[in-house]
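FYI, the numbering just counts along the sequence from 1. Numbering of ligands and ligand atoms starts at 1, following listing order.
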Amino acid sequence: MMPRPDIQPPSSAAVARACDLLRAGDLVAFPTETVYGLGADATSDHAISALFAAKGRPEFNPLIVHVADAAAAAEVASFDARATLLASAFWAGPLTLVVPRLPGSPLSSLVSAGLETVGVRVPGHPVARALLKAVGRPIAAASANRSGGVSPTAPMHVGESLGERVAMILAGGRCPIGIESTVLDASRDRLVLLRPGSVSVGEIESVAGPVEVPDRDPERPQSPGQLSRHYAPSIPVRLNATSVGSDEALLAFGPDGLIRGGVARVNLSPQGDLYEAANNLFAMLRGLDKPGHASIAVMTIPAQGIGIAINDRLRRAATAP
Ligand code: AMP
Ligand code: MG
């Protein structure tokens with residue numbers, strides 16, 4: 001069995017210890033409003049290499065830099081008037097802005113996979129904010145799970161996935177949103193959506209004008225490292241199920257989640273609430289990911305609002321290896 005990771009409630013002593021570990025180049029998992037992040041000092045090549053290694057993440061997949069506030073963001077990246085407007089409208093919150101790196105930025109070039117842009121975000125979760133404020137330097141973080149797998153929305157998911165690869169887990173309960181941030185490229189003439197999340201295109205457009213939403217061609221990732229297969233359980237996932245096989249597990253949605261059969265079933269939201277469904281998505285996929293289940297059959301989820309992000313994750317989870 002893997003040694004148990006060090007899971008700590010987020011007391012001020014635990015936050016101080018997390019800061020010491022991060023400054024020493026170690027990896028610390030912490031809660032954000034989206035999913036648990038695996039954090040590393042974004043100014044240290046050594047720490048960032050360790051993060052890629054712990055996740056088994058390909059080094060061409062850039063990381064998101066997390067900072068305490070917009071002033072700290074301006075120390076690592078350059079924000080034009082439009083990006084500044086977006087940051088003030090949506091931060092702290094689940095919107096990642098891809099913007100040009102500041103020339104002479106202290107960030108390790110590994111963070112942005114050698115690109116001239118960097119993804120930056122100010123998370124809204126109180127534990128993440130306390131940690132970022134206390135550590136006083138940018139922290140690169142990816143979801144605290146092995147690359148390609150289901151994202152962690154509770155401390156024990158982090159331990160199950162990473163074991164002793166993480167020095168410490170700051171435990172802050174379940175993540176309130178449960179699905180990763182919206183990623184918006186604000187480094188070009190036109191705004192481009194790179195990953196749907198809980199901040200919708202409509203909300204962004206009401207602040208900053210038209211957003212281009214590229215066609216989702218799985219063979220042509222929009223963003224470096226945006227892989228067609230991701231967020232995937234170890235067993236196959238089948239979408240838009242209207243029936244369930246006797247050896248399958250059912251991931252239902254809504255009041256009509258009454259398809260009969262299957263070896264196990266859970267409902268993302270019996271009331272048909274898409275926010276509740278997003279919040280349950282990863283934990284329920286984990287729960288159904290058992291060797292005794294042939295596959296996970298998922299009912300249709302409406303592609304509106306945060307349902308667009310849910311469908312994005314499910315589509316990748318269902319992509320064959
Ligand atoms: P993850 O850490 O798995 O939540 O993924 C971060 C997402 O942000 C991935 O889809 C990355 O490709 C994207 N991303 C981060 N930085 C950049 C960047 N500089 N340019 C384009 N996409 C980025
Ligand atoms: Mg991830």
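- The proximity of Leu115 to ligand 1, defined as any non-hydrogen pair under 4.0 Å, is limited to the side chain.
- Remark: among candidates Thr96, Leu63, Val111, Val98, the nearest residue to atom 18 (C) of ligand 1 is Val98, based on non-hydrogen atoms.
- Looking at Arg190 and Glu212, a side-chain N of the basic residue comes within less than 4.0 Å of a carboxylate O on the acidic one, giving a salt bridge.
- Residue Ala142 approaches ligand 1 through these ligand atoms, each under 4.0 Å from one of its heavy atoms: 2 (O).
- One option in Glu180, Arg57, His230 has a heavy atom closer to atom 2 (O) of ligand 1 than any other, and that option is Arg57.
- Counting only distance, with no hydrogens or angles, the side chain of Arg286 and the backbone of Val150 share a donor-acceptor pair below 3.5 Å.
- With Tyr231 as the aromatic partner, Arg316 does not meet the cation-pi criteria of under 6.0 angstrom to the ring centre and within 45 degrees of the ring axis.
- Contacts with ligand 1 closer than 4.0 Å are made by no heavy atom of Glu116, backbone or side chain.
- Because the distance cut-off is set at 2.8 Å, Tyr231 fails to qualify as a neighbour of the Mg ion (ligand 2), as none of its N, O or S atoms comes that close.
- Checking side-chain atoms of Arg195 against main-chain N and O of Ser181 turns up a donor-acceptor pair under 3.5 Å.
- Near Leu194, meaning under 4.0 Å from one of its heavy atoms, ligand 1 places the atoms 21 (C), 22 (N).
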Given Leu288 and Leu251, is the side-chain contact (heavy atoms from CB on, under 4.5 Å) satisfied, shown in steps?
CA-CA 8 Å; Leu288 296 178; Leu251 187 58; 4.0 Å; yes

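- For atom 9 (C) of ligand 1, the nearest non-hydrogen atom from the set Asn61, Leu51, Ile64 comes from Asn61.
- Contacts between Asp185 and ligand 1, counted as non-hydrogen atom pairs separated by less than 4.0 Å, are absent for every part of the residue.
- Ser206 and Glu203 form no side-chain donor-acceptor contact under 3.5 Å, judged by distance and modelled atom types alone.
- When each of Asp185, Val201, Val192 is paired with Val211, the side chain to side chain contact (heavy atoms under 4.5 Å, CB included) condition holds for Val201 and for no other.
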Just do the side-chain contact (heavy atoms from CB on, under 4.5 Å) check on Leu110 and Ser49 with the steps written out, would you?
CA-CA 8 Å; Leu110 302 177; Ser49 299; 3.4 Å; yes

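- Between Ser112 and ligand 1, a contact under 3.5 Å exists for no N or O pair.
- Counting the atoms of ligand 1 from 1 in the order shown, those under 4.0 Å from a heavy atom of Thr117 are 18 (C), 19 (N), 20 (N).
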